[in-house]
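If you're wondering where the values come from, they're calculated on a predicted model, not measured in any experiment.
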Amino acid sequence: MLDIKIRKAEIKDIDNIHNILKIYANEQLLLPREKASILSNIKYFYVAELKEKFVACCATRDYDNNLFEVRSLAVCAEKKGLNIGSKLVEKIVLDLKNSNKLNKIRIFALTYSIKFFERLNFQLVKKDIFPEKIWADCKNCKKFDKCDENAMLLE
């Protein structure tokens, strides 16, 4: 069994986060993030380490009204298939549930990986139920008028 450590990101992780996100952004699989943006949002990032080496990251965004997004999920190519992404999302979901015990929360992701999120009990939904996301991020995307991502929701 792999010894995967999931922890909250720290300032020392910014270069690793930026570098892996840039790879996925270049492939148009997620939106690019500048280092300054990562720095200002570092408290929302989680990282995964394998043998004390950075292998993945993921972040959350709070849209208020108990709506959260799982975003910027990226796993090093050579570590795909080891359930690292699943462990990151599971940890984020657990932390969000624990910090919002009194409220029902909704967690969503825009993704190309429907089956990945279905394994984590997310359901396929229409994107237009998340106007907060559309006006916060999607309006800046090159694919805005022809978005091919799928919205997945966990309630």
Please check: side-chain N/O of Asn100 versus main-chain N/O of Leu96, any donor-acceptor pairing under 3.5 Å? yes

Near-ring test Phe68/Tyr44, centroid separation under 6.0 angstrom: no

Ser37 (side chain) donor-acceptor with Arg33 (main chain) under 3.5 angstrom: no

Same apolar cluster: Ile92 and Leu94, side chain cutoff 4.5 Å: no

Within 45° of the axis and under 6.0 Å from the centre of the six-membered ring of Tyr46, does NZ or CZ of Lys8 qualify? yes

With side-chain contact (heavy atoms from CB on, under 4.5 Å) as the test, would you mind laying out the steps for Phe45 and Leu21 before giving the verdict? CA-CA 12 Å; Phe45 275 89; Leu21 294 181; 4.1 Å; yes

What distance separates Leu154 CG from Phe117 CZ, expressed to the nearest 0.5 Å? 10.0 Å

Please check if the side chain of Asp13 supplies one atom and the backbone of Glu10 the other of a donor-acceptor pair under 3.5 Å. yes

Are Val70 and Leu124 grouped together when hydrophobic residues (ILVMFWY) are joined by side-chain heavy atoms under 4.5 angstrom apart? yes

Ignoring hydrogens and geometry, is there a side-chain-to-backbone donor-acceptor pair from Asn65 to Leu67 under 3.5 Å? no

List the steps and the verdict of side-chain contact (heavy atoms from CB on, under 4.5 Å) for Asn150 and Val125. CA-CA 8 Å; Asn150 300 284; Val125 296; over 6 Å; no

Look only at the side chain of Tyr24 and the backbone of Leu73, and say whether a donor-acceptor pair between them is shorter than 3.5 Å. no

